[in-house]
Structures are given as C-alpha cells and as structure tokens.
Amino acid sequence: MALIPSQVLRVAILLSYFSILCHYKALDMPAHQTYGGSWKFLTFIDLVIQAVFFGLCVLIDVSSLLTKGADSREQERQLKKLIGLRDWMMAVMAFPVGAFVVFTFWSLYLYDRELVYPKLLDNFIPQWLNHGMHTTVLPFIIIEMRTTHHKYPRRPWGLAAVCCFGVGYVLWTCWVHQVTGVWVYPVLERIAPLARVVFFSAMTAVICVFYVLGEILNSYIWVQPHTGTDRRELA
C-alpha cells in the first residue's frame, strides 16, 4: 500500500533528527566530556524528545497500515494507546519544549550570542547543524500539527506536566553547577543569584505559555469555527 504524503514527511523528519543527533554526538567538544555530557543542554534533550515523538508517529503510521482492515479489538485498543501517548507527547513535550528552545535561543543569540552560544562554538558546530538544532524544530512540529489532529489533555493537567518538566530541568541545571561549579549556560554566570531565581521562574512561565499557544493553535487548525466539530485527520 502506498504511503500518503504525511507519512513520508514523518519518516523524512525522523531521519533528519537521527542525522542531527549522530553528527552532534560525534562532535569533539570539551563540554561533552564533563559531568552530564550532552544531557546538560536543553537543546540536546529537545532533539531526543523530537526524535522519540516522530519515531512514535512513524510507528503508529506503520501499525495503522498493517492493521487496516483487520477485525481485532486488541490491536485497535493498542493502537489507541499509542495515539494517546503521541497526542500527550505533542501537547506536553514536543511543541512547548521545541518552541521554547527555538524562541529562547534566537532571542538570546540576537541580543548577545555570548550569553548562550559563544562564537568559539563555530569552530565545532557547522551552521547547518546549528539550524538543525535550533531552527527547523519549530517548522517540523507545526507541519505535524497541521497534518494530524492531536487531542490535548485538560489544561490544568497539561500545564502541571509542563511545569514539572521545567522545574525538573532547572533542578538538574542547579545540580550540575553544584557538582562542577560551572553553569551550563554563560548567561547564568553573569547574573546575581536573585536574578537567576527570577530568570528560572520566567523561563518556566514562558514554556507554560507555549503550551497554551500550542493548544490554541491546534484548536484553530482542527476545530471549525462556530460548529465545535473537528475536521478529519489528514494522516
């Protein structure tokens, strides 16, 4: 059975993330050799999230093709579980974290790149890889949102999950500093302790805002105005 365009797009996006992750892990950067390795950086965590998410999307596509026409309630039940997990990942992880990484990185980069991406990194990271990590993430996730309807959880539960992720990463960043004596991002070295608290709080609030924006965008794309009915999934 021929693949439809949205399925081809997902496979292509998944392969691009595999390529980015492989090239990134192959970089001989001093920061990768210190405590926490690549997992210190939200950019790397986001790449893993996106790769897992699109991997799940491809798995669902393949499962749907293989079970299409089969009369098995158990297979249908398992497929619904995978779709529920996919939708939860889109709502709580893939969109808000991806949008947050793109927004905060380029905002700080344009203000003063030394705060987040020192010029020294140009010697290690080629431009195409930089854009693969910090630019194409958002278009990719918007393409997925546009081609497939994702059911969002109730807002309080979704926001609670996003906050847990944000607070968890803040605590991980603080722990890395406690162990190494060095902050993961240069911007944290340049501000006072109280300012760091404000900065962390503001960033957690921003990622929650992106969750709500993702929910609104998903509704705008898939819910017909004044009817309350969902459009059919394109995938």
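Atoms considered below: every heavy atom in the structure, side chains included; atoms not considered: hydrogens, waters and symmetry mates. A quick note: this is a predicted structure, and the numbers were derived from the prediction, not measured.
Considering all non-hydrogen atoms of both residues, Leu56 and Met89 come closest at CD2-SD, 4.3 Å. A pairwise comparison of heavy atoms in Arg86 and Phe53 identifies O-CE1, 3.3 Å as the closest pair. Across Pro186 and Leu115, no two heavy atoms sit closer than the pair CD-O, 3.4 Å.
In terms of the side chain to side chain donor-acceptor pair (under 3.5 Å) criterion, Ser201 has no residue partners (sequence neighbours excluded). With sequence neighbours excluded, no residue forms a ring-ring contact (aromatic ring centres under 6.0 Å, His included) with Phe95.
A distance-only check finds no donor-acceptor pair linking the side chain of Thr135 to the backbone of Gly132 [under 3.5 Å]. Formation of a donor-acceptor pair under 3.5 Å by the Ser63 side chain with backbone atoms of Ile60 is not found in this model. Between the side chain of Asn218 and the backbone N or O of His150, at least one donor-acceptor pair lies under 3.5 Å. Side chain of Glu215 to backbone of Ala91: no donor-acceptor contact under 3.5 angstrom is found.
Here the CD1-CD distance, from Ile20 to Gln50, works out to 10.0 Å after rounding to the nearest 0.5 Å. To the nearest 0.5 Å, atom NZ of residue Lys81 and atom CD1 of residue Ile83 are 13.0 Å apart. Here the straight-line distance linking atom NZ of Lys80 with atom CZ of Arg77 works out to 10.5 Å at 0.5 Å rounding. Atom CG of residue Leu188 and atom CD1 of residue Ile191 lie 5.5 Å apart, to the nearest 0.5 angstrom. Here the CZ atom belonging to Phe124 is positioned 14.5 Å from the CG atom belonging to Asn130, to the nearest 0.5 angstrom. Interatomic distance, SG of Cys57 versus CG of Asp87, reported as 8.5 Å (0.5 Å rounding).
Of the candidates Tyr211, Trp88, Trp222, Tyr211 is the only one forming a ring-ring contact (aromatic ring centres under 6.0 Å, His included) with Tyr152. With His131 as reference, Trp106 is the one residue of Phe105, Phe140, Trp106, Tyr109 to meet the ring-ring contact (aromatic ring centres under 6.0 Å, His included) rule. Partner Phe44 forms a ring-ring contact (aromatic ring centres under 6.0 Å, His included) with one of Tyr17, Tyr24, Tyr169 and no other, that one being Tyr24.
Within a 6.0 Å radius of OH in Tyr111, other residues, nucleotides and ligands contribute 12 heavy atoms or fewer. Atom CH2 of Trp175 has 12 or fewer heavy atoms from other residues, nucleotides or ligands within 6.0 Å. Residue-environment remark: CG (Asp28) stays at or below the threshold of 12 foreign heavy atoms within 6.0 Å.
Taking the six-membered ring where tryptophan is involved, the planes of His134 and Tyr117 are perpendicular, since the angle between them exceeds 60° and thus also 30°. The aromatic rings of Phe210 and Phe100 sit perpendicular to each other, their planes meeting at more than 60°, with 30° as the lower class boundary.
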Before you tell me yes or no, could you show the steps for Met133 and Val101 under side chain to side chain contact (heavy atoms under 4.5 Å, CB included), namely the whole-Å CA-CA distance, both residues' side-chain angles and the distance that decides it to 0.1 Å? CA-CA 9 Å; Met133 296 188 298; Val101 166; over 6 Å; no

Verdict with reasoning, Ile13 to Glu144, per side chain to side chain contact (heavy atoms under 4.5 Å, CB included): CA-CA 10 Å; Ile13 291 172; Glu144 168 61 22; 5.9 Å; no

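With a 4.5 Å cut-off on side-chain heavy atoms, Val48 and Leu21 count as touching. Residues Met90 and Thr148 form no side-chain contact, since every pair of their non-hydrogen atoms from C-beta on lies 4.5 Å or further apart. Between Arg196 and His177, the closest side-chain pair of non-hydrogen atoms is not below 4.5 Å. Within the 4.5 Å cutoff, side-chain heavy atoms of Leu129 are placed close to those of Leu27. Counting only heavy atoms from C-beta outward, the side chains of Leu108 and Tyr185 never approach each other to under 4.5 Å. For the pair Thr34/Thr180, no side-chain contact is recorded, criterion being any heavy-atom separation below 4.5 Å from C-beta on. Under the 4.5 Å side-chain criterion, counting only non-hydrogen atoms from C-beta, Met203 is not in contact with Leu42. For the pair Met29/Leu121, a side-chain contact is recorded, criterion being any heavy-atom separation below 4.5 Å from C-beta on.
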